[in-house]
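Report on one structure; see the data block that follows.
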Protein chains: 2
Amino acid sequence: MEAAGRQRARATITDVAKRSGTSIKTVSRVFNDEPFVRDGTRERVLKAAAELDYHPNMAARSLVRGRSFLIGLFYENPSPNYVVDLQTGALDRLHDERFRLLLFPCESARAMSGKLLQVARTSGLEGIVLAPPLGDDPRTVAELREGRMPFTRIAPTTALDASPMVGIDDVAAAQAMTQHLLSLGHRRIAFVQGDPGHASTGQRLCGFRAALAEAGVAFEPALLEQGMYTFESGLAAGRRLFAGRMRPSAVFAANDDMAAGVCVAAKEHGLDIPGAVSVAGFDDSLISRVTWPQLTTIHQPTYDMAHAATDALIALIDGQAHERAIDLPHRLLVRGSTGLAPQG
Amino acid sequence: MEAAGRQRARATITDVAKRSGTSIKTVSRVFNDEPFVRDGTRERVLKAAAELDYHPNMAARSLVRGRSFLIGLFYENPSPNYVVDLQTGALDRLHDERFRLLLFPCESARAMSGKLLQVARTSGLEGIVLAPPLGDDPRTVAELREGRMPFTRIAPTTALDASPMVGIDDVAAAQAMTQHLLSLGHRRIAFVQGDPGHASTGQRLCGFRAALAEAGVAFEPALLEQGMYTFESGLAAGRRLFAGRMRPSAVFAANDDMAAGVCVAAKEHGLDIPGAVSVAGFDDSLISRVTWPQLTTIHQPTYDMAHAATDALIALIDGQAHERAIDLPHRLLVRGSTGLAPQG
DNA sequence: TTGTAGGCGTTATCAA
DNA sequence: TTGATAACGCCTACAA
């Protein structure tokens, strides 16, 4: 294929000034919505700019203002649905804003630990949104604080005053789900934990146990399975559970992807849902509507959390007042995958 | 919360020059891996830079080089799984590259038509990757060409020589899937189309019909359903199909999300899969492994396509040689959702 | 209400 | 092998 034709040089502010018979300062005023420009002048400038197809040069603007207008979204998450919600929330907040969003998918919080500030500096970021579990890495948090890099966190559970944060009450949410299962008569309830690297894993287990304790139901270690927040890990956990001697009448998986895996495992064992076994998830991601029956789950406002975290970050960068901690509501969604306990 | 503490000013190339007892040009040489720097000098510069925590200012660099090192990924896609594959492919190609990726999720190709170049200019993009269906909008393509904006396209079907492209043979893939269903004895096969705004919609239908014709099976308009590539639209289409008088023995949905919807509709009607009805999808996205049984589908190398498209774009920007069209292989994945036709 | 001069942090030129 | 100096395009003083 032929080499790319050279683009003709972009018009600069000087070109616009010449063509409109004004000075570059006036053009600058127009493009920055400054006052003190006569309407007629403004129009002439705009006309010239349009004719020249002029667009302000971001690099020059950044350089002179000493700002990059770049913010970074760091995440380490195996679930595409979650990730896209996150991105959309952040992007929507930026819409028609002066900031740009750069994505930083991370292999693991551990691998990133101690390097995040470096990466941010190299990219010239002005601020950072940390999605779980990155917001819980102590080294990352300390580093960003010391480096005076503005950042906000989504659903952190540690060093809560280190930065503005937005989250939901994972403990209460998991507790509510467990209460729902208990209210259906279930007593033998298995719990599939998420990735141990995520703080939500501990929080949700905590809520689960709290509800059991409250109901006077003993916690059964044999019904606690380790997952990784992925569909495959949920499938594996489900297989272990249904093959074990102590078969649960209900399984609460700490996210929807794992719950979907548990559902498949149940089908493999010929277990009807919810007739033979109830399955509950967490997140209300797309996947929860795809299984059959659809999953009873907790609606987690991922989009809103990302939106709010981005909002807080911009306020932080601008030195404006903002809330230190925002708690968003969750919601129990009862759908078809949970039902009365058998012989209950 | 207290206002953000002022960050101490970033070290500049001048600071590093002073501290290392050299000139800014020498520092520049070191940071650009230019030759003709004595090893000792290089080390002194690097040491000073490390002590000062110096990072080159991207804005200044961009300004003087007249380049932004920004490329944009434009997509309009309802499926998070697809989108994340796309992003990951592009991002991975950029890894340790000098380019940055900016995301542009679009409401619709139509809404974007005629504005895309404008957006690209405003953002200072050096090049663009167009994901389907944006690469098939004639106005967008014409505009980018006229504006001499480098771009590559993923799976375009029109103006194939307008830009480098990478795709799969959608027609052949759909044909292969249809042949698979025919070989199982199915004759009453329904087809759920995707969003009419996507060219793949027509391509896949074409492959479907070609296979029918080849097998001497008449195409039945009553078994053609309109979807939108979303789970919900597949669910609705499935409901219509299973409620109609002409119930299909197999349903081929043009993507996995819709196929998953068809599966749910089948379950609602008490239809066993694949005993009573076979369901096939397209994409091999995560969702195809979540349904029960798992979906027979076409593996589409979305990640690789995005990777290759980004690769070609960079070559294009750099004025290097590159392939004009890359065709990636697809693969038929037979899983549990398709089986022998009933009473076949 | 408008314009002039200076500098932001780099890289490129060209001389040393 | 190195370094002084001039851009790059824009914004912020400061004048007019």
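Numbered from 1 within each chain, the chains take letters A, B, ... in sequence-line order.
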Please give, in whole Å, the distance from C/dT10 P to B/Phe69 CZ?
14 Å
From CD of B/Glu34 over to P of C/dT13, roughly how many Å is that when rounded to an integer?
11 Å
Taking only side-chain N and O atoms of A/Asn57, does any of them lie within less than 4.0 angstrom of OP1 or OP2 on D/dC8?
no
Hey, which of A/Leu86, A/Leu134, A/Thr302, A/Thr310 is the one that makes side-chain contact (heavy atoms from CB on, under 4.5 Å) with A/Ile154?
A/Leu86
Mind listing the residues from residues 11-28 of chain A sitting with a heavy atom below 4.0 Å of DNA chain C? Number order is fine.
A/Thr22, A/Ser23, A/Lys25, A/Thr26
Examine D/dC11: is either OP1 or OP2 under 4.0 Å from a nitrogen or oxygen in the side chain of A/Arg61? Give yes or no.
yes
Value in whole Å for how far the P atom of C/dG9 lies from CZ of B/Phe31:
15 Å
Rounded to the nearest 0.5 Å, how far apart are CZ of B/Arg10 and CG of B/Asp15?
11.5 Å
Specify the residue among B/Arg65 and B/Pro35 whose closest nucleotide of DNA chain D lies further upstream toward the 5′ end.
B/Pro35
Give the residues of residues 38-48 of chain B touching DNA chain D, defined as any heavy atom closer than 4.0 Å, sorted by residue number.
B/Arg38, B/Thr41
Report yes or no: do A/Glu143 and A/Gln118 form a side-chain donor-acceptor pair below 3.5 Å?
no
Look at B/Lys47 together with B/Glu43 and state whether they make a salt bridge at an N to O cut-off of under 4.0 Å.
no
Between the side chains of A/Arg153 and A/Ser163, is a donor N or O closer than 3.5 angstrom to an acceptor N or O?
yes
Rounded to whole angstroms, how far apart are CZ on A/Arg67 and P on D/dC11?
13 Å
Gap between atom CZ of B/Phe74 and atom CG of B/Leu130 - 0.5 Å precision:
7.5 Å
Aromatic ring proximity B/Tyr82/B/Tyr75, centre distance under 6.0 Å
no
Whole-Å distance, A/Leu63 CG to C/dG6 P, equals 18 Å
Going by atom types only, do B/Asp53 and B/His55 share a side-chain donor-acceptor pair under 3.5 Å?
yes
Can a donor-acceptor pair under 3.5 Å be found between the side-chain atoms of B/Arg29 and the base atoms of D/dG3?
yes
So does B/Asp304 pair up with B/Arg93, basic N to acidic O under 4.0 Å?
no
B/Asn32 has an atom CG; how far is it from atom P of C/dA12, in whole Å?
7 Å
